[in-house]
Structure formats: structure tokens, C-alpha cells
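Below you'll find the structure, written out as C-alpha cells, and then a few comments.
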Amino acid sequence: MEKRECEFENLEYQRGFGNHFRSEALQGALPNGQNSPLHCPYGLYAEQLSGTAFTTPRKQNFRSWLYRIKPSVGHEPFQLYSSPSLNFAGVIDKDRFLTTPTQLRWKPLECPEHPRDFVHGLFTVCGAGSPFLRHGYMIHIYVANKSMEDCALANADGDFLIVPQQGRLWIKTEFGKLQVCPGEIVVLQLGMRFAIELPDATSRGYILEVFSGHFQLPDLGLIGANGLAEVGEFETPVAWFENKHCEAGFTIFHKFGGQMFSAKQEHSPFNVVAWHGNYAPYKYDLRKFCPVNTVLFDHADPSINTVLTVPSEKPGMAVVDFVVFPPRWSVAEHTFRPPYFHRNCMSEFMGLISGSYEAKAGGFLPGGASLHCCMTPHGVDATTYESTISATSQEPVKVSTNALAFMFESSLTPQVAISAYNSQQRDAEYHQCWSGLNSHFALES
């Protein structure tokens, strides 16, 4: 274990967002001057992985060339995979989803009693759209207590943005290895094969699955050239490979059309000796986010904290935004500083990585979640409101240094998985947190 710990703790990464990277685990493994020579160095196979259509405009075109020991096509036919331990729902239908405008909140999922790896630890909360139409998203929570062994997962429906809340993730991909800790995120894009090990025995977190293209950095507009998520802080793995043969068969799980399929092959899929391109997995440390905030009065809109976005065809309306609420100073004068009461044309899913969220005095726990759909009223609870307006002074205050919350915000109205709605973890008394909001109305102010 010490050797593995050292192996993942000391990983090297390439920095940048959307860059064209070149990486080789063996010197000279990348061909010179062309992508698909008749004979590749070391007798490797050349294989292209396209994340966008061939004719997508160049600035939005994503693809990488992989040079591997054996091509990924060398597997048996895919079979529909079913297991009583599978809890994810990939396609919205009336049998597995319901519609409700009610404010919803969930307590953290408990660690399973029986062994579950990442594939079998997915628990769908809500979603909108369809992977068949390549438009929309799904939100899942995962809880796992077993590493993926002799298997890998690829998602043919969309990108996975994974937010670990508890326990590190050691991730093997075709592009190399990553260690992702709570407080960091990782994006595993459409079609990329990966396997997740759990060095801390268990792990829990959140997943945003996007069907509508890929994540982008938001435009900074009048903010200028600097601030929010710095381009150079995104990290992409360097090439690494294993030349491993598995007599019992290596299982490839393939999420396709909202269903899970599997196929057997004799070799490890992590046999890419070198690669180049701008389509690769990446991670980002949310503690490096540079927030922009109000410095005089009133409360800025949460969109100012957008880390990544998937834009829609309507300017300014995202299919989904990933927004973070990191430690920061609150200094506004004569202002109700916590988040304001709100009804929104967008739908908001909140998660808490650590600490406590400034809008809720209790009940919203690390590993838990809340969902406020389109035009559903929400805001601070009664305790937070009363304590804020009764404060005798408004000195600058730093929002707790260990508090880290986030939001998935979408222009698409989600439906809720029936299994999530009926879950014992759903807080049926969530609405009571606003029951203590009293009238302070007075004709004479």
C-alpha cells in the first residue's frame, strides 16, 4: 500500500484548460509529423478518440490520438448488464421519475453494508433531457466501499463531473492516472475508459452527468482577464500504461442510452503508451478558485462563482453551470449578507463538501443535498434570518475557512427519481426550516 500511496501522491500533471498536450511514457512513442503512420513506434496501434464531430469549428473541436499496445475494439460483443445493486437511472420515464415543485433535501447516504464499487454505487437523484437527444443532464450521488478490480467504465452518454466529498479517488484512465481528493473535482469526458480505486476504503460524492457537449470556462466579461478559475490550475495526466493480460477476462462497463452494458476482453484498456490532443480528463482544486464579491453593498448573484459551464443555444442560459461557494470575506455594509430569498427560472441542486453552509443553521450536512426547482421559493432558514437581522454590528467576516459548498444550476427543469424521493435519506421536514419566519411588518418604520 505504501508503494501505491507514493505512486499516486507524486503524480505529475500537465497544466492548462483545453490545451493541445503531448505525452509519452516511452521516449519516442509519439510518431513524428503525422497521426497515423503505416508503422507506429514500438509496434503500437494508432487510435483516434473524437469528443466532437469532425466538422465542429476548430476552436470547439476536441480529439486526441492514442498510441496503444492493442486497440480498444478487441472485446467480445456488449451484453446488457443487470444487477440488483445497480441504482442509477439513465433515462427519464414515468416509471422511475416524478415531477414535483416541492423543496427537497437529503441527508448523506450511508456507507453500504455490502461491497460496492463505483459502478454499483451510483444513486440517481434527478435529471432532465435525454442521452438519445444529446441534450440535458443527470445528477447522481455515489457511495462506494470497494475498488474497481479488473474492470473499467466508459460513459457514451456524456461527461462525468465528479465531486468527491469523502475519501480520495485514485483514477486510472487511458491518458494516465489522477489522484482526486475532497475539495477537488475531476471531469471524465464522453467515451473515456477509467477505473477508480479507493485508498481510504470508502468514498462518497456527487456526479453531474452532462449530455449536451462539454464543459467550458465561463467568459469573464467586465471582470477582465483574471479571476475565478485560473486556466493554468487545471491538471491533466501524463501518459502511463500497463501491459496486463487477464485470463479471467477484463470487464468493460459501457454506459450507453441510459443503460449499462458490459463486455469481456483479455487485455487492460489502460495500455496507451503515448497520446496527443486536446481531449483528455482533467482535475481542478476548488480551493484555488479566486472569488469575486461585493465590496460595498448588496449581495452579488451566485453566477459570479461559476467554475465551469455548459452553454445552451440561448445566450446567457446554460444547460448547466457548476458553481462553488468557497471561503471568502463578507464585507457589504447595510446589507443582508447571506443568500437572499429567491424564486428562479433556473433549477438549483446544492451539495456540501465540508463545513456548514451560510444559509442554513442546521440540517444541511456534508454529503447531503437539496433541490429547488424552477420558480420554487427558497432562501435562508428562520434561524439564520433572525440572527442576521438582530446583529448589532456588521464587521467584515470571513465565511468559515473549512466551508465548501457548490451548486449545479440548470435552465432545464429536472424530474426527481422516485427512488430518491422515497429514500429514507430524504428530509420530509425540510419545509419546517422556514416555518419560524415571522412578520416584521410595521406601518411606522
Do [X] and [Y] come within less than 4.5 Å of each other through their side chains, counting heavy atoms only?
X: I196; Y: L198; value: yes
X: Y137; Y: E209; value: no
X: P302; Y: M407; value: yes
X: T124; Y: I139; value: no
X: R116; Y: S85; value: yes
X: W329; Y: N293; value: no

Hydrogens and angles aside, do [X] and [Y] bring a side-chain donor and acceptor to less than 3.5 Å of each other?
X: N61; Y: T52; result: yes
X: D321; Y: T309; result: yes
X: T251; Y: K264; result: yes
X: E47; Y: S72; result: yes
X: E242; Y: S268; result: yes

How about [X] and [Y]: are their ring centroids closer than 6.0 Å?
X: H378; Y: Y340; answer: no
X: Y45; Y: Y67; answer: no
X: F406; Y: F408; answer: yes
X: F270; Y: F241; answer: no
X: F234; Y: Y284; answer: yes

[X] atom [atom1], over 12 foreign heavy atoms within 6.0 Å:
X: R134; atom1: CZ; result: no
X: H245; atom1: NE2; result: yes
X: Q216; atom1: CD; result: yes
X: D219; atom1: CG; result: no
X: N32; atom1: CG; result: no
X: F256; atom1: CZ; result: no
X: Q34; atom1: CD; result: yes

field: Carboxylate-amine/guanidinium proximity below 4.0 Å for R15 and E230
entry: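 Salt bridge absent between R15 and E230.
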Lys/Arg-Asp/Glu bridge criterion (N-O < 4.0 Å) met for E358, R337: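 Looking at R337 together with E358, the answer is no, because their closest N to O distance does not fall below 4.0 Å.
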- prompt: Mind checking whether H75 and F78 have parallel, tilted or perpendicular rings, split at 30° and 60°?
  reply: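 H75 and F78: tilted rings.
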query: For the residue pair F336 and F341, does the interplanar ring angle fall in the parallel (under 30°), tilted (30 to 60°) or perpendicular (over 60°) class?
result: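 Answer is parallel, since the angle falls under 30°.
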Rounded at 0.5 Å granularity, tell me how far [atom1] in [X] sits from [atom2] in [Y].
X: K288; Y: E235; atom1: NZ; atom2: CD; value: 5.5 Å
X: F325; Y: Y357; atom1: CZ; atom2: OH; value: 5.0 Å
X: L98; Y: I92; atom1: CG; atom2: CD1; value: 11.0 Å
X: C290; Y: L228; atom1: SG; atom2: CG; value: 7.0 Å
X: S330; Y: K398; atom1: OG; atom2: NZ; value: 12.5 Å

- prompt: Hey, mind stepping through F322 and L161 against side chain to side chain contact (heavy atoms under 4.5 Å, CB included) and telling me if it holds?
  reply: CA-CA 9 Å; F322 173 62; L161 186 157; 4.2 Å; yes
- prompt: Applying salt bridge (charged side-chain N to carboxylate O under 4.0 Å, His left out), which residue pairs with at least one partner in residues 297-311 are found, sequence neighbours left out?
  reply: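 Applying salt bridge (charged side-chain N to carboxylate O under 4.0 Å, His left out) to every pair that reaches into residues 297-311, excluding sequence neighbours, yields nothing.
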- request: Please list all pairs passing the salt bridge (charged side-chain N to carboxylate O under 4.0 Å, His left out) test where one or both residues lie in residues 142-159, with sequence neighbours left out.
  value: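 Checked against salt bridge (charged side-chain N to carboxylate O under 4.0 Å, His left out) - neighbours excluded - the pairs reaching residues 142-159 are D150-K244, D157-K255.
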task: Grab the two heavy atoms, one from G227 and one from L220, that are nearest each other, plus how far apart they are.
output: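 Minimum heavy-atom contact is O-CD2, 4.0 Å.
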query: Among V125, I162, V163, whose side chain to side chain contact (heavy atoms under 4.5 Å, CB included) with Y206 holds?
result: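 That would be V163; it is the only one of V125, I162, V163 passing the side chain to side chain contact (heavy atoms under 4.5 Å, CB included) with Y206.
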Side chains of residues 178-192: which donor-acceptor partners sit under 3.5 Å, not counting sequence neighbours?
from: Q179; atom 1: OE1; to: R168; atom 2: NH1; distance (Å): 3.4
from: Q179; atom 1: OE1; to: W170; atom 2: NE1; distance (Å): 2.9
from: Q179; atom 1: NE2; to: E9; atom 2: OE1; distance (Å): 3.4
from: E184; atom 1: OE1; to: C181; atom 2: N; distance (Å): 2.8
from: E184; atom 1: OE2; to: K283; atom 2: NZ; distance (Å): 3.4
from: Q189; atom 1: OE1; to: H214; atom 2: ND1; distance (Å): 3.4
from: Q189; atom 1: NE2; to: A280; atom 2: O; distance (Å): 2.8

